[in-house]
Amino acid sequence: MTEHSEEDKTQEVNELIEQRKKKLKELRDMGLDPYDQDFQAADHAADLIEKYADVDNTKLEETIIPASVAGRVVAYRNFGKASFAHIQDSSDKRIQIYLARDILKDKFPILKKLDIGDIIGVNGRMFKTRTGELTIEVNDFKILAKALRPLPEKWHGLKDVELRYRQRYLDLIVNPEVRTTFASRSKIIKAFRDFFERHGFIEVETPMMHPIPGGAAAKPFKTFHNTLGMELYLRIAPELYLKRLIVGGYERVFEINRNFRNEGISTKHNPEFTMIEFYIAYKDYNFLMSFTEELLCYVAMQAIGTLKFKYGEHDIDLTPPWRRVSFLDSFMDAGLSQENLKDTEAVAGWAKTNGIDIPKGASYAMALDEVFKERIEPKLIQPTFIIDYPVELSPLAKRKKDNPALTDRFELFITAREMANAFSELNDPIDQRGRFNDQLIDRQKGDEEAHVMDEDFLRALEFAMPPTAGEGIGIDRFVMLLTNSQSIRDVILFPQLKPQQ
RNA sequence: GCGCCACUAGCUCAACGGUAGAGCAGCGGACUCUUAAUCCGUUGGUUGAAGGUUCGAAUCCUUCGUGGCGCACCA
């Protein structure tokens, strides 16, 4: 590693940084390494608090309990011949330390060079202050990494939303609820994995770069492979690869990974988002509905310990069973009659008088879908399965036995957002080819999101795929729900932002 | 992409046409049980950028940049 000058010209000039660099030099002049490595913390703040918070001081003083902790100095109060500070460590807790000149002797003056934000390691013993706060009486300490930049304000924290996202590390240091949210996210993903593993699923990873973007209606990102000399697309869904695995003989597979969609960014949309998709052979969408209830309740219990919680204004209750309404019946709730649903003209007519814009040349199903998004979806606050979608909206789903215009498909809505999309997978290769052809026609009409013909996938189906049920669940949105987050950016560590100039 | 709002010290915010301020952080000093420590003193600004109006602009206008929210698209 090369030595860099401390007066690096590329670094912005700032008085506070200059002062800290001066302290850095002074520490070196004292023969200390401000980026020392030689410290092993035996304890974490959270463990110490858990073990000793309820023990009274006389007992702590008698037993002499050693403690060693490493972390960031987040508060510092100096009294001349003694100081108090709080250290925040990786256990997400803060513990107070007491630094007295009598005890630290000739090391005490080093504290002059200490700043809030520095990483230090301390050794000492546990005691309680007069106010009853569990504290480490430090007998030795070491600066492990000197901070050159000051932390944001201790009381108000970091509020500027742009800075919070761009400098997430600061957000994590000073806004404790952020750590809580991402701790929940981690628990949620772990709970999904546990659940699937306990149900005999194998976790797989399928390609992120697809020669043909498929498995969803969405606009893809395009990239280029130099050696192959070919265009590739970042995947919009893993669906078609996971189904190839079912053809290959796996009976239960799941994948937790990113999808990429080249579309708008909003509080509900990030260009890359995490989905879990899973496929289970010899089952159908009816099975999946109860399976989904079981799955999401398990995850909620593991992550937040309850099925009843607040989301914004709403009191959400995940207790099964969840309401099941057919796509067509759901329109009755919005005040449409059978007559209004008779044909495309009837739907378009109702839409027009109710101020909903139906694009010209829209099919019956597309017109219904527009009305659904406008009038039905916003009302689906409590968990609701909308089932039996029109075949035109579901090019990869199996037709209903008793009505070939509809499919064995459901979408799960909670807080007016689509949380899951599932169906009995279409495994008739000839029907699938026909559906792709219909999509090609839509594409030629200008629908950029219509599916693309995938001959390789069709060939796989021609080798026979067992009857299979498949489902995708938007992890980010489910994390939003369970952590009461109003923006998807609050549940993604580094959300996509415009580049800074 | 369209609309609305915001951008002032490292951070959180005032000042809304008349000398740019406070708190925290920092710096100097006092203080051995504080915890938003306290007390005394003090540094810190091209008010997002560029134009314009005006005797005078952080403030009004225009353009641009960045962000947030809403709409549209989507999961």
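Letters A, B, ... mirror the listed sequences (proteins, then strands); counts begin at 1. A quick note: this is a predicted structure, and the numbers were derived from the prediction, not measured.
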Geometric class of the [Y]/[X] ring pair [parallel <30°, tilted 30-60°, perpendicular >60°]:
X: A/F201; Y: A/F254; value: perpendicular
X: A/H210; Y: A/Y241; value: tilted
X: A/F195; Y: A/Y298; value: tilted

What nucleic acid atoms does A/T267 come within less than 4.0 Å of, heavy atoms only: base, sugar-phosphate, or nothing?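 Here A/T267 touches the backbone only, sparing every base.
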The side chain of [X] lies closest to which of these nucleotides: [options]?
X: A/Y98; options: B/A25, B/C11, B/C33; result: B/C33
X: A/K23; options: B/C33, B/C27, B/C24; result: B/C27
X: A/R489; options: B/C69, B/A25, B/C31; result: B/C69

Taking a pair as Watson-Crick or G-U wobble with both distances under 3.5 Å, which nucleotide is matched to [N]?
N: B/A25; answer: none
N: B/U62; answer: B/A50
N: B/A57; answer: none
N: B/U34; answer: none

What is the distance, to the nearest angstrom, from the CZ atom on A/R258 to the C1' atom on B/A75?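 After rounding, the gap between these two atoms is 15 Å.
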B/A75 P sits how many Å from A/L380 CG, rounded?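 For the pair A/L380 CG and B/A75 P, the rounded distance is 16 Å.
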Between the base of B/A37 and the ring of A/F84 - centre-to-centre under 5.5 Å, planes within under 30° - is that a stack?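 Whether judged by distance or by angle, A/F84 falls short somewhere, so it does not stack on the base of B/A37.
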What about A/D160, does its side chain sit under 3.5 Å from the base of B/U12 through a donor-acceptor pair?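 Flag unset: no donor-acceptor pair detected.
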Could you tell me whether A/R168 sits above the aromatic face of A/F494, with NZ or CZ closer than 6.0 angstrom to the six-membered ring centre and within 45 degrees of the axis?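 Pair A/R168/A/F494 does not count as cation-pi.
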Any side-chain N or O of A/R166 under 4.0 Å from OP1/OP2 of B/G67?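 Yes, because at least one side-chain N or O of A/R166 sits under 4.0 Å from OP1 or OP2 of B/G67.
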